[in-house]
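Reading through the structure tokens given below for one structure.
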Amino acid sequence: MLEHLGSFKRTHYCGEISEKDLGKEVKVAGWVDTTRDHGGVVFIDLRDRTGKVQVVFSPEISKELVEKAKKLRHEYVVAVEGEVRRRPEGTENPKLKTGNYEIYAKKLQILNRSLPLPFPIEDNVKVSEEVRLKYRFLDLRRPKMAENLLFRHRLYRVVREVFNEEGFIEVETPYLTKSTPEGARDFLVPSRIYPGKFYALPQSPQLFKQILMVAGIDRYYQIARCFRDEDLRADRQPEFTQIDFEMSFVAERDVMAVAEKFIRRAYKELLGIEIGEIPVMTYDEAMSRFGTDRPDTRFGLELKEITDIAKQCNFKVFRSVAEKGGIVKALNFKGGAKLSRKEIDELTKFVGVYGAKGLAWIKVLPDGLQSPIVKFFTEGEMNEILKRLEAEVGDILFFVADKPEVVNAALANLRLKLGKMANLIDESKVNILWVVDFPMFEWNEEEERWEALHHPFTSPKEEDIEKLLENPGAVRARAYDMVLNGVEIGGGSIRIHREDVQEKVFKVIGLSEEEAKERFGFLLEALKYGAPPHGGMAFGLDRLCAIMRGEESIRDVIAFPKTQRGQCLLTGAPDTVREEQLDELHIRVETPDSEKE
């Protein structure tokens, strides 16, 4: 029979029983983690969010209580009252924070029972993610998952401490707003009051935080929820959280200094890790050396360009690419000459995923060079390649020739793959850097138009404003990204605060004056009323939290995440709604033919 708490009042959490409690009467409550019957004495590990403590039911105290304890099963909810004693010598459990102590029970209340579990409540459980997400209320009982949420809570605290110290004001921005093109699809919310019209859930608070700067708030921050209806990749969610902030009367370094203070405080307070000076790398240097604007600098294998040599050589594949405006790059996989032909073929298939048409290679062996392409180079050309790549006996050199974006993507990802294959990446390292001086625009070949690389509210460098309309590809942005171990954890920019510059940027990306006014009229209007120079940044809180906790998936640091198909397996969302709800919204649903079959 289940019991009520009645006058029971918990005095301690399970994981907080310590030396100072010896000899005291305590009251604890939680879930039965394990049970053990040792010749009439019953032991249980009782668990709550703080940890576990051993409870002893002894016939010396109450035989009736022992019989009651024998009925306990995994995940029963119980309350226990008893005396804290030191465990007998030799029975201590060093794996538990409370492993030197135990509670001799005098009272036991069974508050609720549990069905047999779909999986054990333990950290190294072997079960599919789908099952874990369906039973998320059980998954979150696992110690590691509970600690992930507690860690996230502590990270929130650091956010507020740092930004409050720096004079920022926490302001909430709307969830129901206007649909604007910001790079991904909006989630739309139909209006019942205005039939045929829709709100959109914000992809970010970007426009509102700029409006706050125009309003004179001067320093704003928010732990903001963001929504994007995009095709999900492995580590993306349709709803996610940003640490969002904006400042007035600042330049790039001012914003970066606040971001650095936050990241240093977070690592120091939560992980005990000191972050030193954070280096700054230009976008051009990052692309040249690593093929990506998110370089992982914990290991070498840097890329080297040999386009100048390729233009002169007799290897038609390289030469034709170089003559048509493409590039040829290579990397030296030190000690990789032992790779088999099968392994090289697998690497060739790998770079093909990124658009590379092939992967040329040269092995540097004790008796000379081995490769199908060596014969197409003169001795001088080959010596220059070997020198540029710092090649030594035992190395293998890999080459890709194509358009710059293909070459960089292929070799950047090959570099990471080889780094992992050869255990070159020190996972204990925390390498943070800034990447700056991004291009303002990128060319969309399919639509044959320029697009903003970050977003259209990013300010161009002052000296490049005059190039906006005549040479958009040469314009650099006042943007900056913070990269941690090859992952972008935050990014921002100095914003456009002049209406004339904003209108030019809209024109470059193909927005007519009418379209710009329709979509962003409220921002353009605000810029006419004394908008101050301003800039800001946003950290991806989910990703930062996952990296700091050593989790591969951001889903493990989110309480109730969606699957890669955007579903909530716990609640069954998305789901159908009643016809009368649709009628109120003046919506008719047509089921796709594929779902009718």
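Judged purely by atom type and a 3.5 angstrom limit, Lys329 uses its side chain to pair as donor or acceptor with the backbone of Ser288. Here the side chain of Ser191 pairs no donor or acceptor atom with the backbone of Pro195 at under 3.5 angstrom. Asn444 places a side-chain N or O within donor-acceptor distance of the main-chain N or O of Glu447, the cut-off being under 3.5 Å. At least one donor-acceptor pair closer than 3.5 Å links the side chain of Gln502 to the backbone N or O of Pro456. Looking at Asp464, its side chain never comes within 3.5 Å of a backbone N or O of Pro460 through a donor-acceptor pair. Distance alone, capped at 3.5 Å, places no donor-acceptor pair between the His153 side chain and the Phe151 backbone. Looking only at distances, a side-chain donor or acceptor of Tyr480 sits under 3.5 Å from a matching main-chain atom of Ser493. Side-chain atoms of Asn164 do not come within 3.5 Å of backbone N or O of Glu161 as any donor-acceptor pair. No side-chain donor-acceptor contact under 3.5 Å links Arg141 to the backbone of Arg136. For Thr292 (side chain) and Pro295 (main-chain N/O), no donor-acceptor pair under 3.5 Å exists by modelled atom type.
A donor-acceptor contact closer than 3.5 angstrom links the side chains of Trp434 and Glu260. Under the 3.5 Å distance criterion, with hydrogens and angles disregarded, no donor-acceptor pair is assigned to the side chains of Lys429 and Asn485. Checked by atom type, the side-chain pair Asp437/Thr282 shows no donor-acceptor distance below 3.5 Å. For the 3.5 Å distance criterion, the side chains of Asn148 and Glu551 qualify, holding a donor opposite an acceptor. Judged by distance alone, the side chains of Tyr156 and Arg152 do bring a donor and an acceptor atom under 3.5 Å apart. Thr173 and Gln222 form a side-chain donor-acceptor contact under 3.5 Å, judged by distance and modelled atom types alone. Gln242 and Asp244 share a side-chain donor-acceptor pair at under 3.5 Å. Residues Ser428 and Asp426 bring a donor and an acceptor atom of their side chains to less than 3.5 Å of each other. Neither side chain, Gln206 nor Ser204, offers a donor N or O lying under 3.5 Å from an acceptor on the other.
Taking a cutoff of 4.0 Å between a charged side-chain nitrogen and a carboxylate oxygen, Glu462 and Arg476 do not qualify as a salt bridge. Using a cut-off of 4.0 Å between Lys/Arg side-chain N and Asp/Glu carboxylate O, Glu274 and Arg264 are scored as not salt-bridged. Under 4.0 Å is where a charged nitrogen must lie from a carboxylate oxygen, and between Lys528 and Glu525 at least one such pair does. Between Asp139 and Arg132 there is a salt bridge, with a side-chain nitrogen of the basic residue lying less than 4.0 Å from a carboxylate oxygen of the acidic one. Between Arg543 and Glu488 there is no salt bridge, since no side-chain nitrogen of the basic residue lies less than 4.0 Å from a carboxylate oxygen of the acidic one. Residues Lys517 and Glu513 are not paired through a salt bridge, judged by the lack of any N-O separation under 4.0 Å between the basic side chain and the carboxylate.
The CG atom of Leu527 lies 7.0 Å from the CD1 atom of Ile211; values are rounded to the nearest 0.5 Å. Interatomic distance, Phe168 CZ to Glu246 CD, rounded to the nearest 0.5 Å: 9.0 Å. Atom CD1 in Ile275 sits 6.5 Å away from atom CD1 in Ile273 (nearest 0.5 Å). Here the CD atom belonging to Glu405 is positioned 9.0 Å from the CE atom belonging to Met287, to the nearest 0.5 angstrom. Considering CG of Leu133 and CG of Leu570, their distance stands at 9.0 Å, rounded to 0.5 Å. Separation of atoms CD1 (Ile494) and CE (Met537) is listed at 11.5 Å; rounding is to 0.5 Å.
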Evaluation steps, salt bridge (charged side-chain N to carboxylate O under 4.0 Å, His left out), between Glu463 and Lys461: CA-CA 6 Å; Glu463 61 269 29; Lys461 285 187 173 289; 5.2 Å; no
Worked verdict on Glu451 versus Arg449 for salt bridge (charged side-chain N to carboxylate O under 4.0 Å, His left out): CA-CA 7 Å; Glu451 293 179 330; Arg449 66 178 184 88; 3.5 Å; yes
Chi angles and distances behind the side chain to side chain contact (heavy atoms under 4.5 Å, CB included) call for Thr563, Arg555: CA-CA 8 Å; Thr563 67; Arg555 290 190 287 276; 6.0 Å; no
Derivation and outcome, side chain to side chain contact (heavy atoms under 4.5 Å, CB included), residues Val505 and Phe441: CA-CA 10 Å; Val505 170; Phe441 306 102; 4.2 Å; yes
Step-by-step side chain to side chain contact (heavy atoms under 4.5 Å, CB included) determination, Asp556 to Met145: CA-CA 7 Å; Asp556 283 340; Met145 295 300 294; 4.1 Å; yes
Residue pair Glu427, Arg298: steps toward the salt bridge (charged side-chain N to carboxylate O under 4.0 Å, His left out) verdict: CA-CA 8 Å; Glu427 297 293 346; Arg298 291 175 295 175; 3.4 Å; yes
Residues Val407, Leu411; criterion side chain to side chain contact (heavy atoms under 4.5 Å, CB included); working and verdict: CA-CA 6 Å; Val407 171; Leu411 286 178; 4.1 Å; yes
Working for ring-ring contact (aromatic ring centres under 6.0 Å, His included), residues Phe208 and Tyr220: CA-CA 10 Å; Phe208 286 105; Tyr220 138 95; over 10 Å; no
Working for salt bridge (charged side-chain N to carboxylate O under 4.0 Å, His left out), residues Arg160 and Glu165: CA-CA 8 Å; Arg160 291 193 165 96; Glu165 287 172 8; over 6 Å; no
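Ile489 pairs with exactly one of Ile243, Leu541, Asp481, Ile263 by the side-chain contact (heavy atoms from CB on, under 4.5 Å) rule, that one being Ile263.
The aromatic ring centres of His454 and Phe438 sit less than 6.0 Å apart. The distance between the ring centers of Phe245 and Phe262 does not fall below 6.0 angstrom.
Taking each heavy atom of Ile496 and Ser459 in turn, the nearest pair found is CG1-CA, 3.5 Å. When every heavy atom of Val214 is checked against every heavy atom of Pro532, the shortest pair comes out as CA-CD, 3.9 Å. Ile278 and Ile432 make their closest contact through CG2-O, 3.7 Å (heavy atoms, listed as atom of the first residue, atom of the second, distance).
In this structure, Arg225 forms no cation-pi arrangement with Tyr175, as its terminal cationic atom is not both closer than 6.0 Å to the ring centre and no more than 45° off the ring axis. Geometrically, Arg519 does not engage Phe506 in a cation-pi contact, judged by NZ or CZ lying under 6.0 Å from the ring centre and within 45° of the ring axis. A cation-pi arrangement is absent between Arg219 and Tyr221 under the rule of less than 6.0 angstrom and at most 45 degrees off the ring axis.
The neighbour count for Glu172 CD, taken as heavy atoms of other residues, nucleotides or ligands under 6.0 Å away, does not exceed 12. The environment of Lys261 atom NZ is dense: over 12 non-hydrogen atoms of other residues, nucleotides or ligands sit within 6.0 angstrom. Around OH of Tyr529, the count of heavy atoms belonging to other residues, nucleotides or ligands within 6.0 Å does not exceed 12.
The aromatic rings of Phe457 and His455 sit tilted, their planes meeting at an angle between 30° and 60°.
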